[in-house]
Amino acid sequence: MAININNLSNNNQVKQKVDQQAQVKQQAASSSAVAEQAKIASKDSVSLTPQAKQLGELQKKANEAPAVNQKKVEQLKKAIVSGEYKIDPEKLAASIAGFEFKLG
């Protein structure tokens with residue numbers, strides 16, 4: 001008759017202990033990885049793409065530019081007063097209709 005002392009003949013329990021130890025090691029490794037990521041994340045930084053920088057420059061130029069092209073306004077006033085400015089009614093009607101269509 002064989003006697004099983006401390007379940008030494010049971011390989012299943014040994015395997016479970018080895019698996020538990022492996023899981024503990026994995027958890028320790030993942031927690032250290034999370035801690036390392038937290039250290040990296042604490043150093044926030046921002047980098048802009050060249051396109052974003054260019055867009056910022058264009059917006060700055062647009063804000064600095066006058067809202068009305070005064071030179072063109074004066075040219076149109078002179079053309080209207082002298083009778084040189086011709087209005088195309090069909091083009092005007094199409095522009096108005098297109099504008100109203102965009103408004104929805």
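Val81 and Ile87 are assigned to two separate hydrophobic clusters, defined by single-linkage of ILVMFWY side chains at heavy-atom distances under 4.5 Å.
The line from CG of Leu48 to CG of Leu55 is 10.5 Å long, rounded to the nearest 0.5 Å. Expressed to the nearest 0.5 Å, how far NZ of Lys72 lies from CD of Gln75 amounts to 7.5 Å. Atom NZ of Lys53 sits about 8.0 Å away from atom OG of Ser47, to the nearest 0.5 Å. Once rounded to the nearest 0.5 Å, the distance linking CD of Glu74 with CG of Asn69 reads 10.5 Å. For the atom pair Gln70 CD and Lys77 NZ, the distance stands at 6.5 Å (nearest 0.5 Å).
Counting all heavy atoms, side chain and backbone alike, Leu76 lies closest to Tyr85 at CD2-CE1, 3.7 Å.
For Glu90, the CD atom is loosely surrounded, since the number of other residues' heavy atoms within 6.0 Å does not exceed 12.
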